[in-house]
Amino acid sequence: MAQVTLRKVVKKYDEVLAVRGIDLDISDKEFIVLVGPSGCGKSTTLRMIAGLEEISGGDIAIGGHVVNDVPPKDRDIAMVFQNYALYPHMNVYENMSFGLKLKKTPKDVIDHKVGHAAGILGLAPYLERYPRQLSGGQRQRVAMGRAIVRDPQVFLFDEPLSNLDAKLRVQMRSEIRELHQRLKTTTVYVTHDQIEAMTMADKIVVMREGRISQVGAPLDLYDRPANLFVAGFIGSPAMNLIEGEIGPGQVFKAETFDLALPTGAGRQGQPSLELGRKVTLGFRPEHLQLAQTGIPAEVVVVEPTGSETHVLARTGKREIVAVFRERHGFKPGDKVMLAPDPAVIHLFDTQSALRIDLPQ
Ligand code: ADP
């Protein structure tokens, strides 16, 4: 069993509180992604699990054993870095076998393990090549191969795809995912890219300023963000967030429009939607439609991507984004009326930033 548990984990670098008390349960065989903006503490958290950073407080357990004082080499983990960290003077075979050699693994076992990993990763034809003779994607595969041959309890990935071009990133994303389906090794993966998180994770951990903002399955976070930060962070283009207040008769009132909230909103033990309460309405760009009534807006920028068109429009002092799959032929300056689908709107308390559940 290789579950990983973090209890009240803290990291302080002199004055900087990089990680402010994290509790996290990672199940055996789970693929978990730590995601968040730069500086939120993702890498520090991963490096503490790896043992590359000492923890300033709390406990980390791997496979049920507290490893706070266990050196990295004895934690039975394998880490894959953004810069691959390959040895330039060693060929692919030597790079992949180096760790096993250090552990005095017999040559035939090494050959078998390297051959097996090279087969999985499509590296068999390249075993004699040196890193400089490989493409970025192949180098990344060698780095993964080096992790695989160690047959660790846990894989740790630190932004492993950041150095690759967009197309290769998409390809490697599915390769890593496929690898996990095959090996089922518990994996902790760090990225700042929410699309990578959405597409790869069994469970996403959204971090912000050294804390966990929300943990959940990708679509749970997408469908029910717990707060304004996750609402704005998960999803691309980002969710539209418009500040307003509650008007008479359960209506959301903003600068340029009113929107009736589903009846029963704010009941069932929820904080009441009392008149005048400051709330923020959230609606995703793909949940906007052209309508007779709704949000009056003026088209500012039209971005066709081929499969869909992103329309940036201004309503009052705010800009909102709509995504259309159909081709409307909008031009800047066009006046449009956009209506959010009421079944999938989100509401947040503006002051606390917390989600207010609406009846479905
Ligand atoms: P992320 O991976 O989310 O971008 P990091 O975990 O690298 O964030 O960093 C979290 C915070 O800790 C940042 O404010 C960063 O500046 C700080 N930090 C990271 N490493 C060090 C270090 N070695 N010394 C001092 N501060 C650090």
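Excluded from the calculations below are hydrogen atoms, water molecules and symmetry mates; all remaining heavy atoms, backbone and side chain alike, are included. In each ligand, atom 1 is the first atom listed, and ligand 1 is the first ligand listed.
For ligand 1, the atoms closer than 4.0 angstrom to any heavy atom of Cys40 are 1 (P), 3 (O), 8 (O).
Here's the thing with Gly41: one of its N/O atoms is less than 3.5 angstrom from an N/O atom of ligand 1. Between Thr45 and ligand 1, a contact under 3.5 Å exists for no N or O pair.
Aromatic ring centres of His328 and Phe324 lie closer together than 6.0 Å.
If you check each of Arg208, Lys42, Met48 against atom 3 (O) of ligand 1, the one with the closest non-hydrogen atom is Lys42.
Lys11 is linked by a salt bridge (Lys or Arg N to Asp or Glu O under 4.0 Å) to Glu53, counting only residues two or more places apart in sequence or in another chain. Every salt bridge (Lys or Arg N to Asp or Glu O under 4.0 Å) that Arg177 has, sequence neighbours left out, goes to Asp202.
Heavy atoms of Pro37 approach ligand 1 to within less than 4.0 angstrom.
Looking at Asp59 and Asn68, their side chains do bring a donor and an acceptor atom within 3.5 Å of each other.
Residue, atom and distance of the protein heavy atom nearest to atom 27 (C) of ligand 1 are Tyr13 CD1, 3.2 Å. Among all non-hydrogen protein atoms, the one lying nearest atom 1 (P) of ligand 1 is Gly39 N, 3.4 Å. Here the heavy atom of the protein found nearest to atom 12 (O) of ligand 1 is Ala18 CB, 3.2 Å. The shortest contact between atom 7 (O) of ligand 1 and any protein heavy atom is with Ser43 CB, 3.8 Å. Among all non-hydrogen protein atoms, the one lying nearest atom 5 (P) of ligand 1 is Thr44 OG1, 3.5 Å.
In this structure, Arg284 satisfies the cation-pi test against Tyr222, with its NZ or CZ atom closer than 6.0 Å to the six-membered ring centre and inside 45 degrees of the ring normal.
A salt bridge links Arg355 with Asp357: the distance from a Lys NZ or Arg NE/NH1/NH2 to an Asp or Glu carboxylate oxygen falls below 4.0 Å.
In this structure, Phe81 CZ and Gln140 CD are separated by 11.5 Å, a value rounded to the nearest 0.5 Å.
For atom 19 (C) of ligand 1, the nearest protein heavy atom lies closer than 4.0 Å.
Judged by distance alone, the side chain of Ser135 and the main-chain N or O of Gln138 form a donor-acceptor pair under 3.5 Å.
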